[in-house]
Amino acid sequence: MAYWLVKSEPDSWSWTMQVKKGATGEAWTGVRNHTARKNLKDMKKGDRAFFYHSNEGKEIVGIVEVIRESYPDPTDPTGVFLAVVVKAIEPMPKPVTLVQIKADPHLKDMALVKYSRLSVQPVTAQEWKAVCRMGGLKSG
DNA sequence: GCCAACGTTGGC
DNA sequence: GCCAACGTTGGC
């Protein structure tokens with residue numbers, strides 16, 4: 001199983017909205033970047049991803065699971081880009097902020113820090129564990 | 001095919 | 001609100 005991080009501005013799509021969707025999940029659409037597209041393509045059913053609030057909050061607020069692998073993004077008229085479907089698994093008991101991540105020597109190589117504009121990014125198993133611990137979760 | 005101009009993202 | 005990073009566009 002692989003780990004990822006997906007970003008959303010809470011003004012357009014927030015963790016609360018994701019939770020309301022429950023087990024049905026929600027299509028993750030609107031990604032228009034080729035690096036991000038590749039990451040969406042690599043996502044497998046059962047993979048987990050951190051749900052990150054950009055701009056407002058700047059923190060990891062929860063964990064989602066991929067329940068449908070990549071397919072053509074219905075919001076993309078060119079048919080080039082991809083979407084996946086994710087469902088909320090659990091919230092972070094204590095959201096992990098960008099400030100905390102930057103301050104941790106083990107985490108400052110995270111894509112979140114290095115490629116701040118990338119909206120879908122891979123997370124290593126070590127990073128996953130470390131962030132979960134900081135967020136008050138025992139495992140991933 | 002190069003590169004300047006421009007638009008967007010997202011942290012500060 | 002500003003600006004750095006970076007992707008895209010379009011003239012040549």
Side-chain angles (χ1 to χ4, degrees):
Chain A
M1 170 169 75
Y3 299 106
W4 309 93
L5 180 147
V6 293
K7 280 191 208 174
S8 185
E9 295 199 26
D11 282 350
S12 48
W13 187 251
S14 69
W15 171 251
T16 307
M17 294 162 106
Q18 181 73 53
V19 169
K20 276 188 191 154
K21 286 284 177 168
T24 315
E26 174 74 4
W28 203 265
T29 58
V31 174
R32 297 291 182 268
N33 171 286
H34 289 279
T35 307
R37 179 191 183 278
K38 183 190 174 297
N39 292 330
L40 287 172
K41 190 169 189 286
D42 290 342
M43 285 186 183
K44 299 292 174 208
K45 218 181 218 182
D47 281 0
R48 301 246 162 150
F50 288 132
F51 192 111
Y52 177 81
H53 277 170
S54 62
N55 272 317
E56 291 290 316
K58 280 165 284 183
E59 57 193 8
I60 293 169
V61 289
I63 290 172
V64 294
E65 181 178 312
V66 177
I67 58 173
R68 178 176 174 186
E69 294 179 11
S70 67
Y71 62 100
D73 184 340
T75 70
D76 175 23
T78 69
V80 170
F81 291 99
L82 302 172
V84 297
V85 177
V86 297
K87 70 169 180 184
I89 297 294
E90 60 183 339
M92 282 288 164
K94 293 181 294 174
V96 178
T97 66
L98 183 61
V99 172
Q100 285 177 270
I101 288 168
K102 282 186 165 175
D104 189 321
H106 298 105
L107 294 178
K108 63 182 180 192
D109 283 334
M110 273 184 81
L112 189 64
V113 180
K114 284 179 121 177
Y115 311 100
S116 60
R117 286 185 52 204
L118 185 59
S119 60
V120 180
Q121 32 181 277
V123 172
T124 68
Q126 293 91 327
E127 290 163 352
W128 185 269
K129 275 190 180 175
V131 171
C132 284
R133 229 177 288 124
M134 287 165 76
L137 293 173
K138 281 176 189 170
S139 63

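Chain naming here is simple, since letters A, B, ... match the order of the sequence lines and numbering starts at 1 in each.
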Pull out every protein N or O sitting under 3.5 Å from an N or O of nucleotides 5-8 of chain B, one pair per line with the distance.
unit_1	atom_1	unit_2	atom_2	d
dT8(B)	O2	Arg117(A)	NH2	3.1

Student check: side-chain heavy atoms of Gln18(A) and Val64(A) closer than 4.5 Å: yes
How many Å lie between CZ on Arg32(A) and P on dT9(B), as a whole number? 11 Å
Main chain of Glu9(A), side chain of Ser12(A): is a donor-acceptor contact present, judged purely on distance under 3.5 Å? yes
Look at the rings of Trp128(A) and Phe50(A) and say which category their plane angle falls in: under 30° parallel, 30 to 60° tilted, over 60° perpendicular. parallel
Protein-nucleotide distance (Gln100(A), atom CD; dG11(B), atom C1'), rounded to Å: 16 Å
Residues in salt bridge (charged side-chain N to carboxylate O under 4.0 Å, His left out) with Arg117(A), at least two apart? none
Check whether any side-chain N or O of Asp47(A) sits under 3.5 Å from a backbone N or O of Lys44(A) as a donor-acceptor pair, and report yes or no. yes
Residues which pass ring-ring contact (aromatic ring centres under 6.0 Å, His included) with His34(A), listed by chain and number, not counting sequence neighbours: Phe81(A)
Phosphate oxygens OP1/OP2 of dG10(B): is one of them under 4.0 Å from a side-chain N or O of Lys7(A)? yes
Side-chain heavy-atom pair Cys132(A), Ile63(A) within 4.5 angstrom cut-off: yes
Here the gap from Asp11(A) atom CG to Ser54(A) atom OG, rounded to the nearest 0.5 Å, amounts to 9.0 Å
Tyr52(A) OH to dT9(B) P, in whole Å, measures 15 Å
Atom-to-atom span, NE2 of His53(A) to C1' of dT9(B) - whole angstrom: 17 Å
State whether the side chain of Ser8(A) and the backbone N or O of Trp13(A) hold a donor-acceptor pair below 3.5 Å, judged by distance alone. yes
Whole-Å gap separating P (dG11(B)) and NZ (Lys102(A)): 8 Å
Whole angstrom value for the distance that separates P of dG11(B) from CD1 of Ile60(A): 11 Å
For DNA chain B, which residues of residues 109-116 of chain A approach it to below 4.0 angstrom with any heavy atom? Ser116(A)
Looking at residues 71-84 of chain A, who's got a heavy atom less than 4.0 Å off DNA chain C? none
Could you tell me how far apart Lys58(A) (NZ) and dG10(B) (P) are, to the nearest whole angstrom? 12 Å
Between dG10(B) (P) and Glu9(A) (CD): distance, integer Å: 6 Å
Who are the ring-ring contact (aromatic ring centres under 6.0 Å, His included) partners of Tyr52(A), not counting sequence neighbours? none
Residues Arg32(A), Thr75(A); criterion side-chain hydrogen bond (donor to acceptor under 3.5 Å, both in side chains); working and verdict: CA-CA 10 Å; Arg32(A) 297 291 182 268; Thr75(A) 70; 3.0 Å; yes
